[in-house]
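Some notes on the structure that comes next.
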Amino acid sequence: MTRTPVSVTVTGAAGQIGYALLFRIASGQLLGADVPVKLRLLEIPQAVKAAEGTAMELDDCAFPLLSGIDIFDDATKAFEGANVALLVGARPRTKGMERGDLLEANGGIFGPQGKAINAGAADDIKVLVVGNPANTNALIAQQSAPDVPAERFTAMTRLDHNRALAQLSKKAGVTVSDIKKMTIWGNHSATQYPDIFHAEIGGKSAAEVVGDQNWLENDFIPTVAKRGAAIIEARGASSAASAASAAIDHVHTWVNGTAEGDWTSMAVVSDGSYGVPEGLISSFPVTTENGEWKIVQGLEIDEFSRGRIDATVNELAEERDAVRKLGLI
Ligand code: NAD
Ligand code: LMR
């Protein structure tokens, strides 16, 4: 029997991440090798022509699972009937822009997009926000969509999670698949806390296997947390293929489930777990099953981890207060 295609809306489709992401979605890597997809691309009017060019290339790939592509410059239309929404397009920080200006400019994008999702997305909508500042943009979109369950809005820390796996695997001399239970806590920013105290290598604590607190504090944590800036410095543009890959991983895991004995990192609406104020969209260790996520409960948090988690969560609370002050939530 032919399956009904899943509608996937991608914003910022003509951007760098969009170019790396769309071909992987269309080839079946987002949802599964047997799931047909329909793409709904949203761009600003000036970039619609470039999105049309990408759509021509998608056609030229003759992907068996791609059942259609529609391009929009209107959010209400783009999210109509969407089952999955990848919110990639955002306003980048430009010279002279203060943090408040950036939050305000993005509020002007993510507020209306949240409203459009509220108005017309499918009942099973799942939203991943990639555009920065991702956690707070997700909060703005979520607060603008009061009829959609809050747990359907998530922000991406899977790239940070994957970066942490890569760094740890090199240090420990193991493959990334030997590492389980990596966690990124908090904000997708330089304050994030990549936690290896709960990670395991061959069933043992990764922190004990490595046994090097100096490396942990002065190498691992800053390398992972500042990797985005290092890539911008080296490439002259922010990470794109690795960000697209992480977005594919995030949604694939959300829909298809985490493996037994493992978990992933997703920024999700806090229920107050681990002292993270309720309502903030913060990264946690989560398991997924049947298209739903659950925060892993009962982990012991030592003093070192407590301080790091508190610092990144405080930053999220400050961002929330700033957008509240601006009337964006
Ligand atoms: P880009 O500038 O190449 O592309 C962004 C695209 O978004 C552009 O084509 C632009 O026209 C479009 N856009 C802007 N406003 C829009 C709107 N209102 N509706 C629809 N489209 C709109 O940027 P990129 O490299 O693709 O990165 C996109 C975002 O992802 C940036 O905010 C970047 O900082 C962020 N990012 C996040 C992570 C993460 O891990 N969460 C990682 C890398 C990049
Ligand atoms: C990344 O982590 O690579 C990006 O979020 C960096 C950025 O500022 O776009």
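Each ligand, and each atom within it, is numbered from 1 in the order the structure gives. Throughout, numbering of the chain's residues begins at 1 and tracks the sequence.
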Are any non-hydrogen side-chain atoms of L103 and P133 less than 4.5 angstrom apart? yes

Please tell me if the side chains of K181 and P285 come closer than 4.5 Å, counting only heavy atoms from C-beta onward. no

Distance from atom 32 (O) of ligand 1 to nearest protein heavy atom, with residue and atom: N132 N, 3.0 Å

Nearest non-hydrogen protein atom, atom 4 (O) of ligand 1: G15 CA, 3.2 Å

Those atoms of ligand 2 less than 4.0 Å from some heavy atom in H188: 1 (C), 2 (O), 4 (C), 5 (O)

Side chains of I125 and F79, heavy atoms from C-beta outward: is any pair under 4.5 Å? no

Looking at atom 18 (N) of ligand 1, what's its closest protein heavy atom, distance included? I109 CG2, 3.5 Å

If we ignore angles and hydrogens, is there a donor and acceptor under 3.5 Å between the side chains of Q167 and T223? no

Ignoring hydrogens and geometry beyond distance, is a side-chain donor-acceptor pair present between E315 and S189 at under 3.5 Å? yes

Ligand 1 atoms nearer than 4.0 angstrom to some heavy atom of A243 are 42 (C), 43 (C)

Under a 3.5 Å threshold, yes or no: a donor from one side chain and an acceptor from the other, between W185 and T312? no

Might you work through the side-chain contact (heavy atoms from CB on, under 4.5 Å) test for R308 and E217, ending with a clear yes or no? CA-CA 11 Å; R308 300 278 174 157; E217 284 185 43; 4.2 Å; yes

Ligand 1 versus S238: contacting region, heavy-atom distance under 4.0 Å: side chain

Distance check, rounded to the nearest 0.5 Å: E300 atom CD versus F197 atom CZ? 12.5 Å

Please classify the I231 to ligand 2 contact at 4.0 Å (heavy-atom distances, strictly less than): side chain, backbone, both or neither. neither

Check D212 with K171, please: is the shortest side-chain N to carboxylate O separation under 4.0 Å? yes

Minimum-distance protein heavy atom relative to atom 9 (O) of ligand 1: E43 OE2, 2.5 Å

Would you say S239 and ligand 2 have an N/O pair spaced under 3.5 Å apart? yes

Determine if the distance from atom 23 (O) of ligand 1 to the closest protein heavy atom is below 4.0 Å. no

Would you mind checking if K325 and D321 are paired as a salt bridge, meaning a charged N to carboxylate O distance below 4.0 Å? no

Could you name the option among V130, I17, V88 that has the heavy atom nearest to atom 27 (O) of ligand 1? I17

Do you know which of R158, R24, Q29 makes side-chain hydrogen bond (donor to acceptor under 3.5 Å, both in side chains) with S245? R24

Taking atom 14 (C) of ligand 1 as the reference point, the nearest protein heavy atom with its distance: A90 O, 3.9 Å

Residue and atom name of the nearest protein heavy atom (relative to atom 39 (C) of ligand 1), distance in Å to one decimal: H188 NE2, 3.2 Å

Just which atoms of ligand 1 are under 4.0 Å from any heavy atom in L159? 40 (O), 42 (C)

Of the side chain and backbone of M156, name the one, both, or neither that has a heavy atom under 4.0 Å from an atom of ligand 1. both

Have a look at M156, R235, R163 and point out the one with the heavy atom closest to atom 1 (C) of ligand 2. R163

Which atoms of ligand 1 are found less than 4.0 Å from any heavy atom of A14? 9 (O)

Of the side chain and backbone of Q113, name the one, both, or neither that has a heavy atom under 4.0 Å from an atom of ligand 1. side chain

Would you mind finding which of G131, G12, A51 brings a heavy atom closest to atom 21 (N) of ligand 1? G12

Give the residue, atom name and distance (to 0.1 Å) of the protein heavy atom nearest atom 25 (O) of ligand 1. Q16 NE2, 2.9 Å

How far is atom 17 (C) of ligand 1 from its nearest protein heavy atom, and which residue and atom is that? I44 CG2, 3.7 Å

Just which atoms of ligand 2 are under 4.0 Å from any heavy atom in N132? 4 (C), 5 (O), 7 (C), 8 (O), 9 (O)

Check: of S189, P133, S238, min heavy-atom distance to atom 9 (O) of ligand 2 comes from S238

Do H250 and M266 have side chains that approach each other closer than 4.5 Å (heavy atoms only, starting at C-beta)? yes

Before you tell me yes or no, could you show the steps for L22 and L58 under side-chain contact (heavy atoms from CB on, under 4.5 Å), namely the whole-Å CA-CA distance, both residues' side-chain angles and the distance that decides it to 0.1 Å? CA-CA 8 Å; L22 293 170; L58 282 160; 4.1 Å; yes

